[in-house]
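Heads up, the thing below is written out as structure tokens.
Numbers restart at 1 for each chain; the letters A, B, ... are given by sequence-line order, proteins then strands. Please read these numbers as outputs of a predicted model, since none were measured by experiment.
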Amino acid sequence: STPSERDERRVFSLLLPPPNVTGRLHMGHMLNQTQMDIVVRWHRMRGFITLWLPGTDHAGIATQMMVERQLSSEGKKREQLGREAFIERVWEWKRHYGGAILDQMKRLGASVDWEREYFTMDENLSRAVREVFVRLYEDGLIYRGKYIVNWCPRCGSAISDLEVKHEDVAGKLYEIRYPVVGSEEFITVATTRPETMLGDTAVAVNEKDERYTHLHGKKVRVPLVNREIPIITDELAQPEFGTGAVKVTPAHDPNDFEAGLRHNLAQIDLMDDHARMNENAGAYAGLDRFEARLRVLHDLREQGFLVAEKDYTVSIGKCDRCNSIVEPRLSMQWFIKIAPLAKRAIEVVEKGYIRFTPENYQQIYLNWMNNIRDWCISRQLWWGHRIPAWRCTDCNETIVARETPVSCTKCKSSRLEQEPDVLDTWFSSGLLPFTSLGWPDATRDLDVFYPTSLLITGFDILFFWVARMIMLGCWFMSPPHRPVRAGEKQLEGDEVLRQSVPFREVYIHALVRDADRQKMSKTKGNVLDPIEVIGKYGTDATRFTLAAMSSPGTDIAFNPSRTDGYRAFANKIWNAARFMFMNVDRLGAGIRPSSAKSGAGVDSFAAQTLEDRWILSRFNRVAGDVDNALTAYRFDDAARAIYDFFWGEFCDWYIELIKPRMILEDDTKGGAATREDGVLACRNLVSLFEASLRLLHPVMPFITEEIWHALYDGKPPLASIALASYPQTSEKQINLDAETEMAILQDLIASVRNIRAELKVEHKQRVPIQIFAQDPAIQNLIEQNRGAVERLANVEAIACSEISLSKLPGARHTARFDVHVIYEQKIDVAAERARLTKQLEQFGKEISNGERQLSNEQFLAKAPANVAEGIRKRLLELHSLREKAQLQLDELVTAVR
RNA sequence: GGGCGCUUAACUCAGCGGUAGAGUGCCACCUUCACACGGUGGAAGUCGUAGGUUCAAAUCCUACAGCGCCCACCA
């Protein structure tokens, strides 16, 4: 009961996952945006107030790399330019090339709110970033410290755990022996990174490992550097592994670092920012780390310290961005103490305030969140949000502030230096759901659109982005950080958490692969450019393909041949429209829909004939199916439902059926058609077509827009079909009888066509047929729709038989009627016999299955009544069908004799 | 080392407890006045393997095989 302007049922908001400014559009973007656009258009048409917020991400490392590369082609380095000039250069780059991806997006038809486009380094967003940083600091959730982080020597920066990709490679496990001081003994340790021995400050053994009990408290001498270090007992050493003794290098390994803290060991940092050995490496100073490794091994070997080299699979970490081998390195960094944030982020998901689709991502998310570690947010880059922290060069005090401070808060000195580091890019993007809506101010946008309704994104950024948004959103949109509008009360109880989430639902989309299911990658050269694809097949066809292939849980193997099929669909729509316009023009005024209104259903449709009642019923049913599909994010079901309806029912049957009612100028066979009836039929056609366009619009925005405007002769009731109402199912227009009756006629027509094909009747030749139907209602139905049957099955006369036609060779039987084509041509006896034999076999199999079930007491006792009833009914049909087929076969054999 | 997903017609995929589906491709016929990016008809699958649960299994369970993904600080 807050005085919120928001009525959640009428608001639909979502954030476009901001592409990197450096990005180029790929199929993944297109899939993502197609799905979002479908959902957005669908909601907008259903009357929701929609907000789809676009923007781009400054993408720290990626962008910096891009500009560095540009500089290097000019023979320059960023250090030569200096920080300020370099940043200016990046902005310049951004102004030039930064918008490319959004321009590409426009061609996909994405109906985002372009006028609200943001960039993550815009002034207002940057201000919010500083605000968040300061508040986290004030909440005691940000700390600075010297810890082991993943260090990328190429980027010259720390990166987070998530930004390290692990790769298994064949390597070696080296065993090195360290002489025990004051004894002839050696202790042998194993390592995959021998160069780090230069920084060893202990050797650890397990306390319970009796092999080493006698060495407890002794010292060893590190070969090559001749430093004496203690033998310590620590859990770190596991007796089963290697020799059971492990070297401890606190400055270059996270486990060793922890052990070092436990035993108060010195930390010897061996490398510089670019992973070259520093002065601590003694004789090896100046060497690259891998060169140093070779030299160390060589020297160890020569001096007899290297005892063994064993083949070993090592997992090496590589920088996600530049693929350099990451070095665990001790350095001063900023971290977020993540546990309190993670706790809330877990709670909101467990309580169902955020729902994942497909559901299994919920567990994946929770597993990750439950094992989360502190997040290193500082990056030693120049491009990004600079950390709002200053150090007093006089008293060394750290000042964290929203605005640049003028003097030290402690000693009043004015000699302050700002922290050179910038923030991890994901820090700012993790804030977007609320900062893009105006946080920390209590804006109307924030009130109306937060929490956003939905997030559609790929699983690859589930942890990078989705998880961070949840943690930060829940923190900063809860009291005391949630801004309160004047007169508004803070939320209470469960509402606090429920309203703090950045989005209510997360839909995780599939990965788009190439036709051979290979991941698309630049190195493989199999990347499909969406712009090229839409150039070839059209945007609508490409969108339709992606929608139709969006089934949950599976990656999409994007095969252009499929798009080819949907281009044909687009073409089909054009041609159906052409047919419609042709008739509209011929029949004249009063047929186009009123430019004064646009309804929510199939409004000015006067169902007169069976096909009218049928198509109206089908349309309403399909509209319901599409609604259900979209509600469940089943883009594939929605696309399929529309496709099948439009092509398979509307074009193949309805249009064919109403053709005789249309008056065509050169129609001499039309006969019974009157002008008035033609107008009526055409109005219905127009009305249904108009509704179909609205049904189809979210998936195929361009073609539907164009035809829709033409339909209103350029004077539509609304500026765009996108603003018209989405078709809603009207129960009144669903007509089961019409559907059943139509199915019988379709069955009859298909049977005749089938017989004609078997008998090889000339296409143009109209033939007489005989029909037998036991049920007078069916006989009546056929009688009343004689014209349709004659037309669509190319029949010239229909005779109704009083007796079953079972014995006639070539006749077809269904449960409701027998039909026979009268044609002098000899039937292909062999083919007919094969067909009947096969049919008999199938009938027989099905009958014995059914009978077995019905004679099974267990089945009768346990199966639901309707299932048993269904089988009984089917068995009756089958017996009759089998009998007829058998008679026919007998007749055939007799005839041949 | 943990966790997850996939295996259905030649290809790409739906179906996930009650008689095997679609698109493309294939075969045959047809340029009929919306459409050959079309129409009509047709062929094509013991639903990865082996067990189990059930009256009933492509559908649920177990194991196995193959393919793929994610997470993980064991030298």
Give me, pair by pair, the N or O atoms of the protein and of nucleotides 41-44 of chain B that are less than 3.5 Å apart, along with how far apart they are.
from: B/G41; atom 1: O3'; to: A/Asn754; atom 2: ND2; distance (Å): 3.0
from: B/G42; atom 1: OP1; to: A/Asn754; atom 2: ND2; distance (Å): 2.8
from: B/A44; atom 1: OP2; to: A/Lys838; atom 2: NZ; distance (Å): 3.2

Please tabulate the protein-to-nucleotide N/O contacts below 3.5 Å involving nucleotides 68-72 of chain B, giving atom names and distances.
none

| said: If I take atom CG in residue A/Asp253 and atom C1' in nucleotide B/A75, what distance separates them, rounded to the nearest angstrom? | reply: 7 Å

| remark: The answer to which of A/Ile556 and A/Glu877 contacts RNA chain B further toward the 5' end, by nearest nucleotide, is A/Ile556

| query | For the side chain of A/Ala557, counting heavy atoms from C-beta on, which of B/A14, B/U12, B/C37 is nearest? | reply | B/U12

| task | Kindly say if A/Arg634 contacts the phosphate of B/G15, meaning a side-chain N or O under 4.0 Å from OP1 or OP2. | result | yes

| field | Parallel, tilted or perpendicular, as decided by the 30° and 60° cut-offs, for the rings of A/Phe645 and A/Phe650 | value | parallel

| message | Check the orientation of A/Trp647 and A/Phe569. Use parallel for under 30°, tilted for 30 to 60°, and perpendicular for over 60°. | response | parallel

| said: Centre-to-centre under 6.0 Å for A/Phe689 and A/Phe646, is that the case here? | reply: yes

| task | Among B/A34, B/A75, B/G5, find the nucleotide with the atom closest to the side chain of A/Asn360. | result | B/G5

| said: At less than 4.0 Å, is any side-chain N or O atom of A/Thr191 found next to OP1 or OP2 of B/A75? Yes or no. | reply: no

| request: Tell me which nucleotide among B/G38, B/G18, B/U40 gets nearest to the side chain of A/Asp652. | output: B/U40

| query | According to the interplanar angle, ranging from 0 to 90°, do the rings of A/Phe241 and A/Tyr312 count as parallel (below 30°), tilted (30 to 60°) or perpendicular (above 60°)? | reply | perpendicular

| said: Protein within reach of the bases, or only the backbone? For nucleotides 20-32 of chain B, mark each nucleotide 5' to 3' as B, S or -, using heavy atoms under 4.0 Å. | reply: ---SS----BS--

| field | Base-pair map of RNA chain B as dot-bracket, where | denotes pairing with a different strand and pairs are Watson-Crick or G-U under 3.5 Å | value | ((((((((.[[[[.)..(..]]]].(((((.......))))).....[[[[[..)....]]]]])))))))....

| Closest approach of A/His252 to A/Leu270 (non-hydrogen atoms, all atoms of both residues) | NE2-N, 2.9 Å

| task | Not counting sequence neighbours, which residues clear side-chain contact (heavy atoms from CB on, under 4.5 Å) with A/Asp311? List them please. | result | A/Lys172

| query | Base, sugar-phosphate, or nothing for A/Ala237, non-hydrogen atoms under 4.0 angstrom? | reply | base

| request: Please list, chain by chain and in numerical order, all residues satisfying ring-ring contact (aromatic ring centres under 6.0 Å, His included) with A/Phe463, sequence neighbours excluded. | output: A/Trp368

| request: Report the residue (A/Pro864 or A/Thr313) whose heavy-atom-nearest nucleotide on RNA chain B is the more 5′ of the two. | output: A/Pro864

| said: Given A/Glu851, which partner from the list A/Leu854, A/Asn849, A/Ile847 fulfils the side-chain contact (heavy atoms from CB on, under 4.5 Å) test? | reply: A/Ile847

| Are A/Tyr643 and A/Tyr566 near enough that their ring centres are under 6.0 Å apart? | yes

| Which nucleotide, B/C13, B/G3, B/C35, lies nearest any side-chain atom of A/Asn571? | B/C35

